[in-house]
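Predicted model, so just to flag it, every value in this text is computed and none were measured. Every chain is numbered from 1, with letters handed out A, B, ... down the list of sequences.
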Amino acid sequence: MRVTFPLMAIGLEVAMIVLFWLFVQYEADQTISQQLNTTRPTKMDSFVQLYPLFQDVHVMIFVGFGFLMTFLKKYGFSSVGINLLIAALGLQWGTLVLGLLHARGEKFHIGIKEMISADFSTATVLISFGAVLGKTSPIQMLIMTILEIAVFAANEFLVAEIFVASDTGASMTIHAFGAYFGLAVAGVLYRSGLREGHHNEESVYHSDIFAMIGTLFLWIFWPSFNSAIAEPGDHQYRAIVNTYFSLAACVLTAYAVSSLVTYRGKLEMVHIQNATLAGGVAVGTCADMDIQPYIAMIIGSIAGLVSVLGYKCLTPFCATTLRIHDTCGVHNLHGLPGVVGGLASIVAIAVGVSTIAMQAAALGSSIGTALVGGLVTGQQK
Amino acid sequence: MRMRLALAARCARGHRMGSNYPRSVRRCLPACVLGVEVVLVLIFAFFTSYDPSPKDQKMVLGAYQVLQDFTIAAALGLGFLTSYWRRHSWSSVAFNLFMLALGVQWAVLLDGFLSQPFPRKVTINLSSIRLATMSAMSVLISAGTILGRANLVQLSVMVLVEVTAFGAMRLTYKQVFNLDDHRSMMHIHVFAAYFGLAVAWCHSSPLPQQKEVQEENVPVSRSTSMFAMLGTLFLWMCWPSFNSALLDIANEKKNAVFNTYYALAVSTVTATSVSALIHHQGKINMIDIHNAVLAGGVAVGASCHLISSPWIAMVLGLLAGLISVGGVRCLPVCFNRVLGIQDQSGVHYTFGLPGLLGGFTYMVLIMLQASGKPRAGYVMLIDAGALSFALAMGLGSGFLTGFLLKLRIWRAPPVVKHFDDQAFWEFPHLAAGF
């Protein structure tokens, strides 16, 4: 660890710097200096207006995901620390890979949208990190970051450019993808010696409150996540409103179902920490569509229900029968709600537009590439 | 070790008196909450629609930023502000999120129905969600007095009643007193604090064993006090947005932000220094800091757009800080014990008293502005009426809710389980030692 990790991290960083030198340029906005009085929105305007949204996404990635994973009693430092490491490396690599793919290997410019997309691409790795939390070293995580973002970029390219499917809040390309990638890796890394569980794999009172900080940050900023890359105006407004009400409905359902499935009607902290966010994941794909708020609320409620039931039934089943040990339960928070989101978008589109096949293809390809990529990544270790 | 023994003693006691085990809410809670959610979805389906007007990115994102500040203040700020009881932090934070989610959905509908003739559809835009978040915050404020003694079913009933009462109060302000949104919203502190106190008064049950239980559970521990500080800081940071959000004129908005900013700063300094001053060894009490640093923002709320120079806001912040720290020391001894109110989270001196101070300040400022004009007395009378209406409405609906919550059908936790997360949460690990 003393030699390998620093060497590898610095080596990667040097490679990033070289690649940035070769390929990345700032966006040059000619209009600012020439015509200050213009009413036409310039790129600079959009930068200033979108910067707060970028900031919100940033808070979600670094604080939200980081603290959400601090629930383990002896793994809090690593959760927040490795989260920061992965996100910092991932956003550089994400900028490069996404930029190169979309520019077909030419030099490309970075603007606020590219920064937001780079943050999004790190989210996939952080979600997968949740599945293998506590079972990997930082070196393995560095490798996983590089591989997963490359696969993510390929899938995103496929979905956005070839299928031309709509995935504003990235339920499929980020959440479902990240979750199934993580599950595949966790499946490969399964150790049958730990079938009975590990004595460190539990939470204590205060570690759960720390995790609640992460939950609240994610809950508050989720509308920004779903609306950050939506088209300005009506689409963005709808994305915010839909996500907000989906989350609110999801909270109520998650509490109710958690109480329903637990002994004596008590609540369970792991449900509250995770299932309250499922609504934001599920509404992502159709966030900016012209569904009405009540549809968003129904999607949120279904996601909350599915997520709590997933924690109650599916996680034990996966761990014992399928031999996949999913530490954070990312399958229930990101995987299933992501699939719900994809299905919801298919239904929403079924009304008029003829791209159902493409939307279904996007969902399928997200899960497919995630599983294949995850299995390959797991084997590399 | 001592804690283990105490726990064992408690378990033994619980064994002897079987009724001390909290009653199961497994049927009650899911049925109530899912029922409410289904009703809400149905109402949304038939009576709401998107805002059809064309939107500009700048406007949307501007409104969204303000909404975001509110959500931070409500979910993080108020959630963690009440999380300082040693064994009740989970419930404080998580129930707060639940009440916010329920309150916002109901308040959006209610505000929409009250502000227009019935058959028309309610249009949902970002500013209506913002108003709804504010209304829901009234519940979160007053829940501080009852958290730890009520279960989630009772809290959801309280959310529905209080949001309705608050909506009715704002409607009355609009139609009878002719107040604008900002003025009517700034009575939220007085309304919410006295609503909460009235509910707490109905729920005070001075049983002999309660003292012992509370000595064990209520004390503030170091780490939970840090969590409460997290909430305080987020509230502190978002307060200027809260006070300025409903003002439309740019100049008033600017004044509101400045005045709130300085009043908060002054009340923080005052609270810290006075807290050290009245301690016999000159130490600072964390409880004072949690509550008193916010007092300035509460006090300046009603009049923040009228104050033209920062020194007035600063004097107000100073007074609010003094009142609040004084309240921490005197109220539990003089007021709460006499009336039998249990106000552990200090809603009365964080929001109630500074809110009253703010109301009086507003009257004085209006008087000074209107002095010499013919209708000065009338204006003054209207303002005094508005303030006392908030007080009366808060107390009245609070008593009503309090008596409603005392019904046995809600399956309230028994007194020994007050301020104890174990009554509400499934602990996968051993409950001892937290």
With a 4.5 angstrom heavy-atom cut-off, which part of B:S92 approaches chain A: side chain, backbone, both or neither? neither
Side chain, backbone, both or neither of A:L260 within contact of chain B (heavy atoms, under 4.5 Å): both
Neighbour count >12 (heavy atoms, 6.0 Å) for atom CE, B:M59: no
Walk me through it: do B:D111 and B:V122 pass the test side-chain contact (heavy atoms from CB on, under 4.5 Å)? CA-CA 9 Å; B:D111 285 348; B:V122 177; over 6 Å; no
Top residue by heavy-atom pair count (under 4.5 Å) with chain A, among B:Q68, B:Q65, B:K58? B:Q68
Is B:L102 in contact with chain A via its backbone, its side chain, both, or neither, using a 4.5 Å heavy-atom distance? both
Is it the side chain or the backbone of A:D290 that comes within 4.5 Å of chain B heavy atoms, both, or neither? both
Please state whether the side chain, the backbone, both or neither of B:I43 comes within less than 4.5 Å of a heavy atom of chain A. neither
Any side-chain donor paired with an acceptor under 3.5 Å for B:E426 and A:H271? no
So, the part of B:F424 with a heavy atom under 4.5 Å from chain A: the answer is backbone
Show your reasoning for whether side chain to side chain donor-acceptor pair (under 3.5 Å) applies to A:N226 and A:Y244. CA-CA 10 Å; A:N226 282 353; A:Y244 194 85; over 6 Å; no
Whatever's closer than 4.5 Å to a heavy atom in chain B on A:S301 counts as side chain
Under a 4.5 Å cutoff for heavy-atom pairs, which residue among A:V241, A:I240, A:V261 has the most contacts with chain B? A:I240
Using non-hydrogen atoms only, which part of B:A74 is less than 4.5 Å away from chain A: side chain, backbone, both, or neither? neither
Looking at B:F70 versus B:F242, is the centre-to-centre ring distance below 6.0 Å? yes
Using a 4.5 angstrom heavy-atom cutoff, name the option from A:I298, A:V257, A:D56, A:L247 with the most pairs to chain B. A:D56
Part of B:V41 within contact of chain A (heavy atom distance under 4.5 Å): both
May I ask you to test the B:I72-B:M237 pair for a side-chain heavy-atom distance under 4.5 Å? no
Below 4.5 Å, heavy-atom pairs only: which of B:D51, B:T48, B:N151 has the largest tally toward chain A? B:D51
Strictly by modelled atom types, are A:S224 and B:Y64 linked by a side-chain donor-acceptor pair under 3.5 Å? yes
If we only count heavy atoms from C-beta on, is the B:V139 to B:L100 side-chain gap below 4.5 Å? no
Could you look at A:I213 and say if it's the side chain, the backbone, both or neither that has a heavy atom under 4.5 Å from chain B? both
If one checks every heavy atom of B:S53 against chain A at 4.5 Å, the contacting part turns out to be backbone
Between A:V270 and chain B, which part of the residue has a heavy atom less than 4.5 Å away: side chain, backbone, both or neither? neither
Among the listed options B:L61, B:V60, B:L67, the residue most often paired with chain A at heavy-atom distances under 4.5 Å: B:L61
Show your reasoning for whether side chain to side chain donor-acceptor pair (under 3.5 Å) applies to A:N332 and A:T315. CA-CA 8 Å; A:N332 313 309; A:T315 302; 2.8 Å; yes
Please check if the distance between the ring centroids of A:F54 and A:H58 is under 6.0 Å. yes
So what's closer than 4.5 Å to chain A heavy atoms on B:F98: side chain, backbone, both or neither? both
Looking only at non-hydrogen atoms, find the nearest pair between B:L81 and B:A228 and report the distance. O-CB, 3.9 Å
Please flag which part of B:V108 lies under 4.5 Å from any non-hydrogen atom of chain A: side chain, backbone, both or neither. side chain
Tell me, side chain or backbone of B:F46 under 4.5 Å from chain A's heavy atoms, or both, or neither? neither
Output the option from A:T262, A:T276, A:I272 having the highest count of non-hydrogen pairs under 4.5 Å with chain B. A:T262
Against chain B, label A:L305 side chain, backbone, both or neither, depending on which of its atoms sit under 4.5 Å from a heavy atom there. neither
Examine whether an atom of A:I220 lies under 4.5 Å from a heavy atom of chain B, and if so say whether it belongs to the side chain, the backbone or both; otherwise answer neither. both
Under 4.5 Å from any heavy atom of chain B, what part of A:L267 do you find: side chain, backbone, both or neither? both
Would you call the rings of B:Y50 and A:Y237 parallel, tilted or perpendicular if under 30° counts as parallel and over 60° as perpendicular? perpendicular
So, do A:L53 and A:F221 sit near enough that their side-chain heavy atoms are less than 4.5 Å apart? no
If I measure from the heavy atoms of chain B, does A:S258 come under 4.5 Å with its side chain, its backbone, both, or neither? neither
Any non-hydrogen side-chain atom of B:Y84 less than 4.5 Å from a side-chain atom of B:M226? no
Of the non-hydrogen atoms in A:A348 and A:M289, which two are nearest, and what is the gap between them? CB-SD, 4.1 Å
Chain A contacts, top residue of B:I129, B:N125, B:L40 (heavy-atom pairs, under 4.5 Å): B:I129
